[in-house]
Asker: 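Sharing a structure, written as structure tokens. Questions coming.
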Amino acid sequence: MLKSTKVRIYPTQVQRDFLVAHFGAVRFSYNKALYLKKHYYRVKGMCIKPKKDLKPLLALAKRTRKYGWLKNFDSISLQQAIINLDKAFDNFLNPKLKTKHPKFKSRRGRQTSYHCIGVKVLSDAVKIPKLGPIKAKLHREIKGKVKSITISCNASGKFFASILSDDNQGTPETCRSIDTAIGIDLGILHFATDSNGCKTDNPRFLLRAERNLKRKMKALSRKKVGGKNRNKSRLIVAKCYEKLTNTREDFQHKLSRKLIDENQAVIVETLETANMLRNYRLSKHIADAVWSGFIEKLAYKANQSGKHLVKVDRFFASTKTCHSCGKKSFISLNDRVWTCNCGITHDRDTNAAINILKQGLIMLKAEGHSVSACGCLHKTSES
């Protein structure tokens, strides 16, 4: 099974200069291919494929005097930039993904380069082509054969290496008999409410850091464009955003790991976040929650552990349906507690989580899995 491990690397000043130049070469290959594709389509009406038509031109460009400097960098990394552009256009032309047209890459922000030949992981360093060993903090053992290493640099200037390895063990088989399952309702007031009635508060990381960010971004706006002080202020703002992202990621990783370890099946609802962000009153809080990132963490952790992650259709009325009698009632967003016509009083989020659990178990049975009486289902029915 393929596993990716991201580690912090500490290049020397010479290595740092080489990596920055390498990022520039990768960015140049991507932008040049994008320019040629747009030019041929606009001027000649031809639709060319970057992977098929432009990738072979890279080797020819290295032989010329104008682009001979590209020979100083890893050729596989430059080719991968063109392959990424080809994939970006495929995603753009796929109506199901709803992605935007590829744009030119900027030297600002996150930079990456991909390496798959001549890569090694040493005891305290990583090795990539045309560069000596780079000091790394390997916080866990890298098992199996190293397939590739992706070097990245974030906006605050820190370098990382994402190591992809194959342990030759294969993906664990998904359990066919399901004894424990849990339904999760995601929200803003409470980040997650499960079918047992347990609620996880929403930390609201952006709201807590907003005052500090506002002060430092205000100082950044006062600095002269192109000056050294502006760059210093930009790094301060980037580090604030980095800390905000790290705390959110840590919270979601711990919660997703807990849910996967304690259950054989985790059932969540499918949320159309893009449509929900149109609500100008809640858009900032919805974006701060990053539900999609949490579901992605649940997905790959479930795949590694041989567990089930079931996604209920977004049109399933989990909130307004009584989990006892099955009738639907009209409730507004302000109704946190409501009473059904059958006389049962429901907590809005807990009722939704129970309905999500029931619908997910039906979907698992339809796929042929053996679903026994789950402990959480008994617990919710007793309550």
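What you see is a predicted model; the values in this text were computed from it and never measured.
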Asker: Starting from the C-alpha separation in whole Å, work towards a yes-or-no answer on salt bridge (Lys or Arg N to Asp or Glu O under 4.0 Å) for Lys214 and Glu210.
Answerer: CA-CA 6 Å; Lys214 183 178 179 181; Glu210 193 172 26; over 6 Å; no
Asker: Answer yes or no for Lys37 and Phe89: cation-pi contact, defined as NZ/CZ to six-membered ring centre under 6.0 Å and angle to ring axis within 45°.
Answerer: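 That pair qualifies as a cation-pi contact.
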Asker: Can the ring centroids of Phe104 and Tyr30 be said to lie less than 6.0 angstrom from one another?
Answerer: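 No; Tyr30 has its ring centre 6.0 Å or more from that of Phe104.
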Asker: For Glu367, I'd like to know if atom CD has over 12 heavy atoms of other residues, nucleotides or ligands within 6.0 Å.
Answerer: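 More than 12 heavy atoms, drawn from other residues, nucleotides or ligands, come within 6.0 Å of this atom.
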Asker: Can you see which heavy atom on Pro133 is nearest to which on Gln15, and at what distance?
Answerer: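 Minimum heavy-atom contact is O-NE2, 3.0 Å.
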Asker: May I ask you to test the Ile184-Glu269 pair for a side-chain heavy-atom distance under 4.5 Å?
Answerer: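 The answer is no; the side chains never approach within 4.5 Å.
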Asker: Would Lys137 and Asp124 count as a salt bridge (Lys or Arg N to Asp or Glu O under 4.0 Å) if you check the C-alpha gap in whole Å, the side-chain angles of each, and the deciding distance to 0.1 Å?
Answerer: CA-CA 6 Å; Lys137 186 177 181 180; Asp124 58 348; over 6 Å; no
Asker: Heavy atoms, side chains only, cut-off 4.5 Å: are Arg208 and Pro203 in contact?
Answerer: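 Arg208 reaches Pro203 side chain to side chain.
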Asker: Give the intermediate values and the outcome of salt bridge (Lys or Arg N to Asp or Glu O under 4.0 Å) for residues Lys199 and Asp347.
Answerer: CA-CA 11 Å; Lys199 297 185 177 183; Asp347 177 87; 3.0 Å; yes
Asker: Checking salt bridge (Lys or Arg N to Asp or Glu O under 4.0 Å) for the pair Asp250/Lys254: CA distance, chi angles, key distance, verdict?
Answerer: CA-CA 6 Å; Asp250 180 71; Lys254 289 178 179 178; 3.2 Å; yes
Asker: For the residue pair His308 and His369, does the interplanar ring angle fall in the parallel (under 30°), tilted (30 to 60°) or perpendicular (over 60°) class?
Answerer: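 Perpendicular: the ring planes of His308 and His369 meet at over 60°.
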Asker: Can you check whether Arg176 reaches Ser370 side chain to side chain, under 4.5 Å on heavy atoms?
Answerer: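 They are not in contact (no side-chain heavy atoms under 4.5 Å apart), so the answer is no.
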Asker: Is Asp349 salt-bridged to Arg336, cutoff N-O under 4.0 Å?
Answerer: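 A salt bridge is present here (some side-chain N lies under 4.0 Å from a carboxylate O).
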Asker: Any idea how Tyr300 and His253 line up, ring-wise: parallel (<30°), tilted (30 to 60°), or perpendicular (>60°)?
Answerer: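 Tyr300 vs His253 ring planes: perpendicular.
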Asker: Which heavy atom in Asn351 sits nearest to a heavy atom in Thr321, and how many Å separate them?
Answerer: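 So the minimum-distance heavy-atom pair works out to ND2-O, 2.8 Å.
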Asker: Can you confirm whether or not the ring centre of Trp338 sits under 6.0 Å from the ring centre of Phe330?
Answerer: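 No, the ring of Trp338 stays outside the 6.0 Å limit from the ring of Phe330, centre to centre.
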Asker: Within a strict 4.5 Å, meaning less than it, do heavy atoms of the Leu138 and Ile163 side chains meet?
Answerer: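 Of all side-chain heavy-atom pairs linking Ile163 with Leu138, at least one is under 4.5 Å.
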